[in-house]
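Below is one structure; the comments refer to it alone.
When a residue number appears, it is its place in the shown sequence, counting from 1. In listed order, ligands and their atoms are each counted from 1. Because the structure is predicted, anything quoted here is derived from the model rather than measured. Excluded from the calculations below are hydrogen atoms, water molecules and symmetry mates; all remaining heavy atoms, backbone and side chain alike, are included.
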Amino acid sequence: MAAPMLRCFSRGRRSGPPSLSGFLPLELRRAHSGAQGILAAQKARGLFKDFFPERGTKVELPELFDRGSAGYTPQTIYCGFDPTEDSLHVGHLLALQGLFHFQRAGHNVIALVGGATARLGDPSGRTKEREALDAGRVRANARALHRGLESLAANHQQLFADGRAWGSFTVLDNSAWYQQQHLVDFLAAVGGHFRMGTLLSRLSVQTRLKSAEGMSLAEFFYQVLQAYDFYHLFQHYRCRVQLGGSDQLGNIMSGYEFIHKLTGEDVFGITVPLITSTTGAKLGKSAGNAVWLNRDRTSPFELYQFFVRQQDDSVERCTQALYHSSIDALEVMSDQELKELFKEAAFSELVLDPGTSVLDTCRKANAIPDGPRGYRMITEGGVSINHRPVTNPESVLVVGQHILKNGLSLLKIATSSPLPVCCNCYSAE
Ligand SMILES: Nc1ncnc2c1ncn2[C@@H]1O[C@H](COP(=O)(O)OP(=O)(O)OP(=O)(O)O)[C@@H](O)[C@H]1O
Ligand SMILES: N[C@@H](Cc1ccc(O)cc1)C(=O)O
């Protein structure tokens, strides 16, 4: 048998200042609404920030959403994402979590890709106009976002299925209904229902009008398109709730007013808090501080580090594989995934002869000091392989026990420093 070659990665938990404030734990599995009702439960957890209109939040909204109440029927809720880039980012997770909670509570959710709105650019929360994107680029981004949303929904389904009937998860693109719109028809049918005074009063508009750069008509018109989207989804999918970051409240209000005027019916808005950096800047594309969910833009390792760097009281660990006993998670990872997970870590490659001992492996990986001190670290229980302590330095590595099915060995060394150093090794024949 050819000698297995181990590639060993050494890494410690990076310390450093927390870069994010107000982040919420991603504990989807535990977050059942229970007897409290989904709205109250998520408000109490801090996932939901504001409800609009205020008056509907005491009775109407809970009535619609809570399984136990008389008015309950499955509802449709949507949230929009503009494809100004080709990946979702960490800032989108709260809104997505909100959608997933509704889906698990039996409601139908729509993730709307803004293939049309992205061409105009939402001025909300921005001090400058966006760089214009050509149609081809937006289409490519929209396809990528569509895939990202579908794959998050599939993961959610796979990981959190709880035997209850869930609502549907649908991805739509608003370019589907704007492509067929004639400008003059649209302005004639829709434009008359919007009052300039109200549109001008929006914070996003006020801020931009006061800026040196001013505001373009395209940007000014953005809120009309988002309002029309809400109306379109209300008409075609009976969608009565729009979810979004708290910077979206003005656009959501425009939708509410438009629908109410045209149909006399009430719809609702729910916002999630904005995830910000420590400087208070919204974490996202515009601020240039986005942490991407696509692995080719932010590696799983960097994403992991992003969460690890957060203050303990603001975020719970997202990762079981390295520090807990979830060896199963490592065992099913492909070579590619492992490479990505440890992309940033320093590593050394080892060729193991048959009969290589624990001591040899630790020394070759530079995981323990030379001489008796290193030897003692093993005998005193400071070394574990695949989460099992190895106290005999002379014991030989056994495939299936010390080397997992995919060739990986996770070597963990307890050092005198407060943070453990991990050596992750995987082998190829
Ligand atoms: N940092 C964040 N925290 C909470 N919600 C966010 C954050 N970033 C985006 N969102 C929300 O995600 C939804 C989709 O955002 P979208 O991708 O269209 O723009 P964006 O990421 O806000 O872009 P930009 O940073 O360029 O303004 C919106 O409801 C938005 O409020
Ligand atoms: N305006 C939202 C995205 C969006 C687009 C279309 C909608 O109908 C709703 C939301 C944002 O930029 O964050």
Side-chain angles (χ1 to χ4, degrees), residues 19-24 46-50 77-99 110-131 133 138 141-142 144-146 148-149 152 171-178 202 204 208 219 221-234 236-237 239 241-256 258-259 267 269-293 306:
S19 60
L20 184 94
S21 62
F23 196 77
L24 290 161
L47 178 61
F48 293 160
K49 185 169 183 282
D50 294 309
I77 301 98
Y78 100 97
C79 179
F81 304 86
D82 272 349
T84 46
E85 291 280 348
D86 64 1
S87 169
L88 294 163
H89 58 76
V90 163
H92 293 145
L93 283 177
L94 288 194
L96 282 164
Q97 278 193 60
L99 290 184
I110 295 173
L112 180 71
V113 176
T117 34
R119 300 283 312 279
L120 304 191
D122 188 350
S124 309
R126 289 180 60 100
T127 49
K128 277 197 199 150
E129 187 160 359
R130 282 163 208 273
E131 240 177 71
L133 290 173
V138 171
N141 288 346
L145 231 57
H146 195 121
L149 289 163
L152 278 173
V171 183
L172 299 175
D173 188 326
N174 61 13
S175 61
W177 47 92
Y178 291 112
R202 301 285 180 234
S204 58
R208 293 300 301 282
E219 281 188 294
F221 207 64
Y222 187 99
Q223 57 177 310
V224 175
L225 289 202
Q226 186 162 335
Y228 184 81
D229 284 344
F230 199 177
Y231 172 76
H232 178 93
L233 296 174
F234 176 72
H236 292 83
Y237 297 84
C239 172
V241 181
Q242 183 177 169
L243 188 84
S246 56
D247 58 339
Q248 294 298 304
L249 196 58
N251 294 345
I252 296 176
M253 283 157 79
S254 295
Y256 164 84
F258 182 55
I259 295 170
V267 291
I270 299 177
T271 64
V272 296
L274 284 188
I275 302 173
T276 59
S277 68
T278 39
T279 60
K282 175 182 157 192
L283 204 71
K285 297 172 272 188
S286 302
N289 55 5
V291 178
W292 304 101
L293 301 191
F306 170 79

Which of the ligand 1 atoms, numbered from 1, are nearer than 4.0 Å to a heavy atom of Leu283: 1 (N), 2 (C), 7 (C), 8 (N)
Contact check: Tyr222 vs ligand 2, nitrogen or oxygen atoms, below 3.5 angstrom: yes
Any N or O of Asn174 closer than 3.5 Å to N or O of ligand 2: no
Gln242, His92, Gln248: member with heavy atom nearest to atom 9 (C) of ligand 1: His92
Asp247, portion touching ligand 2 at heavy-atom distance under 4.0 Å: neither
Pair Thr117, Asp82: side-chain N/O donor-acceptor within cut-off below 3.5 Å: yes
Nitrogen or oxygen atoms of Arg130 and ligand 2 under 3.5 Å apart: no
Aromatic plane relationship, Tyr228 with His232 - under 30° parallel, 30 to 60° tilted, over 60° perpendicular: tilted
Shortest protein heavy-atom distance from atom 10 (N) of ligand 1, along with the residue and atom involved: Gly91 O, 3.7 Å
Nearest neighbour in protein (non-hydrogen) for atom 13 (C) of ligand 1: Gly80 O, 3.6 Å
Nearest-contact summary for atom 12 (O) of ligand 2 - protein heavy atom, Å: Asp122 OD2, 3.2 Å
Atoms in ligand 2 flagged as close to Gln248, the criterion being non-hydrogen separation under 4.0 Å: 1 (N), 2 (C), 11 (C), 12 (O), 13 (O)
Heavy-atom side-chain proximity of Ile270 to Ile77 below 4.5 angstrom: no
Separation between CG of Leu243 and CG of Leu47, rounded to the nearest 0.5 Å: 8.0 Å
Smallest separation among heavy atoms of Lys49 and Pro273, with atom names: CD-CA, 3.8 Å
Distance, nearest 0.5 Å, that separates CD1 of Ile110 from OH of Tyr237: 6.0 Å
Ligand 2 to Gln242 polar contact by distance, N or O atoms, under 3.5 Å: no
Nearest neighbour in protein (non-hydrogen) for atom 29 (O) of ligand 1: Gly245 N, 2.9 Å
Atom 22 (O) of ligand 1: the protein heavy-atom neighbour that sits closest, reported with distance to 0.1 Å: Lys282 NZ, 2.4 Å
Closest protein heavy atom to atom 21 (O) of ligand 1, given as residue, atom name and distance to 0.1 Å: His89 NE2, 2.9 Å
Residue part near ligand 1, for Pro273, under 4.0 Å between non-hydrogen atoms: backbone
Ile275, any N or O under 3.5 Å of ligand 1 N or O: yes
N or O pair under 3.5 Å between Ser246 and ligand 1: no
Close N or O approach (Arg130, ligand 1; < 3.5 Å): yes
Evaluation steps, side chain to side chain contact (heavy atoms under 4.5 Å, CB included), between Asp122 and Asp247: CA-CA 10 Å; Asp122 188 350; Asp247 58 339; 5.8 Å; no
Closest protein heavy atom (residue, atom, distance) for atom 26 (O) of ligand 1: Ser286 OG, 2.6 Å
Any donor-acceptor N or O pair under 3.5 Å, side chains Gln226, Gln242: yes
Residue pair Trp177 / Asp229, side-chain heavy-atom distance below 4.5 Å: yes
Distance filter under 4.0 Å to Gly284 heavy atoms, resulting ligand 1 atoms: 25 (O)
Test item, Gly80 contacting ligand 2 (heavy atom, 4.0 angstrom): yes
Interfacing atoms of ligand 2 (cut-off 4.0 Å, heavy-atom, Thr117): 5 (C), 6 (C)
Closest protein heavy atom to atom 31 (O) of ligand 1, given as residue, atom name and distance to 0.1 Å: Asp247 OD1, 2.7 Å
Non-hydrogen side-chain atoms of Phe48 and Val272 separated by less than 4.5 Å: yes
Closest approach of any protein heavy atom to atom 8 (O) of ligand 2, naming residue and atom: Asp229 OD2, 2.6 Å
Interatomic distance, Ser87 atom OG to Leu145 atom CG [nearest 0.5 angstrom]: 7.5 Å
Side-chain touch Leu293/His92, heavy atoms, less than 4.5 angstrom: no
Ligand-residue contact atoms, ligand 1 with Gly244, heavy atoms, under 4.0 Å: 29 (O)
Verdict with reasoning, Leu88 to Leu149, per side chain to side chain contact (heavy atoms under 4.5 Å, CB included): CA-CA 8 Å; Leu88 294 163; Leu149 289 163; 3.8 Å; yes
Which residue and heavy atom of the protein sit nearest atom 23 (O) of ligand 1, plus the separation: Lys285 CE, 3.2 Å
Whether Phe230 lies under 4.0 Å from ligand 2, heavy atom: no
Step-by-step side chain to side chain contact (heavy atoms under 4.5 Å, CB included) determination, Arg130 to Glu219: CA-CA 9 Å; Arg130 282 163 208 273; Glu219 281 188 294; 5.8 Å; no
Thr84, any N or O under 3.5 Å of ligand 1 N or O: no
Side-chain (Asp86) to main-chain (Ala144) donor-acceptor, under 3.5 angstrom: no
Leu112: numbered ligand 2 atoms lying under 4.0 Å from its heavy atoms: 7 (C), 8 (O)
Atoms of ligand 1 close to Asp82 [distance to a heavy atom under 4.0 angstrom, numbered from 1]: 16 (P), 17 (O), 18 (O)
Between Tyr256 and Phe230, ring centroids under 6.0 Å: no
